[in-house]
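Report on the following structure.
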Amino acid sequence: MEVVMPDGSVRAFPRGTPLSAIAEAADPALARRAIAALLDGVEKDIYWPLEGGGRIEFITPESPRALEIYRHTTSHLLANAVKDLFPEVKIGIGPATEEGFFYDFERREPFTPEDLERIEARMRAIKERDLPIRRIEQPKEEALAYFRRLGDNLKVELVSEKGGPVVSCYRQGEFMDFCTGPHLPSTGRIGAFKLLSLAGAYWKGSEENQQLQRIYGTAFPTDARLQEHLRLLEEAKKRDHRKLGPALDLFSVEETAGPGLIFWHPNGTIVRQVMEDFWKEEHRRRGYQMVTTPHIARDELWRMSGHFEYYRENMYTFEIEESGYVIKPMNCPGHSLIYKSRLRSYRELPIRYAELGTVYRYERSGVLHGMMRVRGFTQDDAHIYCTREQILDEIKGVLDLVITFLKTFGYDRYEVDLSVRDATHPERYAGNADGWKMAEDALVQALQSRGLSYTRREGEAVFYGPKIDVRMFDAIGRPWQGPTVQFDFNLPQRLGIQYIAPDGSQTPVVMVHRAIYGSLERFVGGLVEHYAGSFPVWLAPVQAVVMPITDRTRDYAREVQRILRQAGLRCDLDERSEKIGAKIRDAQLKKVPFMLIAGDREAQARTVSVRSRREGDLGPMGLLAIRDRMVQMNAGRVPGP
RNA sequence: GCCGACGUAGCUCAGUGGUAGAGCAACUGAUUCGUAAUCAGUAGGUCGCCGGUUCAACCCCGGCCGUCGGCUCCA
């Protein structure tokens, strides 16, 4: 048979030659390192006997696809160790994930952290034994009989559902698992790994099903890469907004008041207001009109909008004088009422209503998370009511706005998703096919016109319309949910939102719902982590601290503060009787961008010694020079340090 | 909501049934000092809350609240 080698040459091998032998023939050094192969692009185990020839490539520990194989094999190692130590345990599934791997187990007693240590030790022992890992293809019935004999009901369920007439399993020593592979050729080839945590997880991801115990871990080909990953986890921990936020006195969550409710402290409120000012400025400039709508409304409104039907579980309701009321979970019905408060002509469109609207939603206690997932939050919401002809320009306008914001906040990397409906199930969606097509075309055209590449996500649209979602990546490469643009075919229909067309007819509007920050809480939480608490000058709660060195220069320092404050800068004065080193240390810990040191020399020369939080001592600068520089950074919303 | 872990001073953490501790922060005083911690003193706790066991509970048991890691669901 003929084999196309990795270098492109074609060579002949006898049928049944193992891929490892082909690697050997290609390059003995490669053969030693190859952990698996690609046959015409399909992953195969390295010992797999090749029957029909084809194009061969080899996967080495450095290959991007290698990681998944290492992790998947390590998850089997985990299950193997658990079975050894706890024979009564039933095994579920154990895939590789973005960050590592997990395996789900059914066991009456909970695993303890001590169990985890024992399991990890056993895993290492099995790795040491260097057991061969072999793929076994057998009739489905045989595999079923095997798992039945072990009482592994979950596996029996999986094999019955997923397996064809012949199913593949992987065996290492006494342990065998139902799996498509590929895997490392032996347990000794497994790299560095670590078990990380314990969690509950529903069988097949459904709340209806029993809950299993999930053990999480991570694995890498080398210890260096594992250590690097663990270091990154530490780094993420240091940036955690739930830690930094209270430490920098930005916000707190108060048990007395209840979970999921954010108290914005003065420092946090500065960040928030600066963001709000920027937002209002940009929106007014682009023809948005600010509106304000009430926090509560009769349930009548929410019945009309459909929320009472579809969103009730998330709404807080109460009664006043025997009428039912709802605390608003969304702003759109309110905006639509303003639109409907009188007849609208096509001449008025597009109408763009914007509101920093605070909404409250009931979220199950287990999902709450710092500022990221809360029960009360402020959306930077806007609704665009326009004609079909105006759609494209409107979407383009929104995308321009989105890009402006991403840049300003230093999110240089982002990805765009376009979520469209599952066209095979039109009954699940509001609006007609024509509307969906038109909306989708407009979204695609707008994205193209702005040179934005995107991933199309079939069936990911909400029931009321297609949407664009932006995912932004922070300074250490983690994704955050960003701006979103959504069409809404439901509300205009339900609320009868129309305009008078040139021919005098009543025509339904097209409604677009969009948010840039999403929620101020979530966005600020993300920013804290993105900047690790070191906000750029324009956002920093305190932009500079003036530090007199001795009491002799106290009055001068006060003057410096006054000058900066008069220029609109947020400037503190540290006149404690501490040494300069201590003042610097404290300002540094508060992540203040500039420290302005005022000693005798500076007072004499009408300068300050400038110290940057990031670059350290920058030497003396004239008062007006530092003032103007900071004013420029502030007004220019310079995203950097 | 579910599974598991955790909850001691503002923060970080000691404290295995017998009178609650340290460092930092805070406050007071001294010190007037040149780029990440000056020194001394003082104060600060219903050990998350409620109940139970016990002569005695921060410690053991139960319930609740909250936080964290996940699952499930979302800005």
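In what follows, chains carry the letters A, B, and so on, assigned in the order in which the sequence lines appear, proteins first and then strands, with residues in each chain numbered from 1.
Atoms CG (A:Asp249) and C1' (B:C11) sit 13 Å apart, rounded to a whole Å. The separation between A:Leu261 atom CG and B:G66 atom C1' is 13 Å, rounded to whole Å. In this structure, CD1 of A:Ile580 is placed 12 Å from P of B:C33, rounded to the nearest angstrom. Here the P atom of nucleotide B:C11 and the CZ atom of A:Arg242 are 16 Å apart, to the nearest Å. B:C3 atom C1' lies 15 Å from atom CZ of A:Phe102, rounded to whole Å. Atom CD in A:Glu255 sits about 10 Å away from atom P in B:C49, given to the nearest Å. Taking atom CG of A:Leu368 as the reference point, atom P of B:G66 lies 9 Å away to the nearest angstrom.
Taking every heavy atom of residues 232-240 of chain A and every atom of RNA chain B, no pair lies under 4.0 Å. Of all the residues in residues 602-612 of chain A, A:Glu602, A:Ser609, A:Arg611 reach under 4.0 Å from RNA chain B with at least one non-hydrogen atom.
Straight-line distance between the P atoms of B:G48 and B:A9: roughly 8 Å, to the nearest whole Å. Taking atom C1' on both nucleotides, B:U54 is separated from B:G45 by 24 Å, rounded to a whole Å. Comparing the C1' positions of B:U32 and B:A22 gives a spacing of 31 Å, expressed to the nearest Å. The same atom, C1', is picked in B:G1 and in B:C61; the two are 26 Å apart, to the nearest Å. Separation of the P atoms belonging to B:G34 and B:U8 is 41 Å when rounded to the nearest angstrom. Here the separation of B:C58 from B:C50, taken at their C1' atoms, is 16 Å to the nearest Å. Atom C1' of B:C33 sits at a distance of 14 Å from the matching atom of B:A37, rounded to the whole Å.
Of the residues A:Ile262, A:Asn267, A:Leu244, the one that meets the side chain to side chain contact (heavy atoms under 4.5 Å, CB included) test with A:Leu250 is A:Asn267.
Scanning for ring-ring contact (aromatic ring centres under 6.0 Å, His included) contacts around A:Tyr311 gives an empty result, with sequence neighbours left out. A:Asp586 is linked by a side-chain hydrogen bond (donor to acceptor under 3.5 Å, both in side chains) to A:Arg576, counting only residues two or more places apart in sequence or in another chain. Contacts of A:Phe251 classified as ring-ring contact (aromatic ring centres under 6.0 Å, His included), with partners at least two apart in sequence or in another chain: none. Remark: A:Phe263 engages no residue in a ring-ring contact (aromatic ring centres under 6.0 Å, His included) (not counting sequence neighbours). Partners of A:Tyr531 by ring-ring contact (aromatic ring centres under 6.0 Å, His included), not counting sequence neighbours: none found.
Under the salt bridge (charged side-chain N to carboxylate O under 4.0 Å, His left out) criterion, no residue pair touches residues 249-260 of chain A, with sequence neighbours excluded. Evaluation of the salt bridge (charged side-chain N to carboxylate O under 4.0 Å, His left out) test over residues 265-279 of chain A, restricted to residues two or more places apart or in two chains, returns A:Arg272-A:Glu276, A:Arg272-A:Glu521.
Remark: A:Arg71 is positioned above the aromatic ring of A:Phe220, its terminal NZ or CZ atom under 6.0 angstrom from the ring centre and at most 45 degrees off the axis. By the 6.0 Å and 45° rule, A:Arg413 stacks over the aromatic ring of A:Phe473.
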Open item on the list: Could you write out RNA chain B as dot-bracket? Rules: Watson-Crick or G-U wobble, both distances under 3.5 Å, brackets [ ] for crossings, | for pairs with another strand, dot for unpaired.
Closed with: (((((((..((((....[..)))).(((((.......))))).....(((((..]....))))))))))))....
Task: Base-contact (B) and sugar-phosphate-only (S) positions in nucleotides 70-75 of chain B, heavy-atom cut-off under 4.0 Å, - elsewhere - done: BBBBBB
- [ ] Sugar-phosphate means primed atoms, P, OP1 and OP2; the rest is base. With that split, encode nucleotides 23-30 of chain B 5' to 3' as B, S or - using protein heavy atoms under 4.0 Å.
- [x] -------B
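When the shell of 6.0 Å around NZ of A:Lys194 is examined, it contains 12 or fewer heavy atoms from other residues, nucleotides or ligands. Counted within 6.0 Å of NZ on A:Lys590, heavy atoms from surrounding residues, nucleotides or ligands total 12 or fewer; the atom is thus considered open.
A parallel orientation is assigned to the rings of A:His530 and A:Tyr411, their planes being inclined by less than 30° (bins at 30° and 60°).
Using a 4.0 Å cut-off between charged side-chain N and carboxylate O, A:Glu88 and A:Arg108 make no salt bridge.
Taking side-chain N and O atoms only, A:Lys243 has a distance below 4.0 Å to OP1 or OP2 of B:U12.
A:Tyr216 and A:Phe102 have their aromatic ring centers within a separation under 6.0 angstrom.
When side chains are defined from C-beta on, A:Ile119 counts as touching A:Phe86, because their heavy atoms get closer than 4.5 Å. Looking at A:Val524 and A:Tyr517, their side chains never come closer than 4.5 Å, going by heavy atoms from C-beta outward.
Among B:U32, B:G66, B:G34, the nucleotide with an atom closest to any side-chain atom of A:Arg552 is B:U32.
Nearest-nucleotide mapping onto RNA chain B: of A:Ala582 and A:Phe111, the residue sitting toward the 5' end is A:Phe111.
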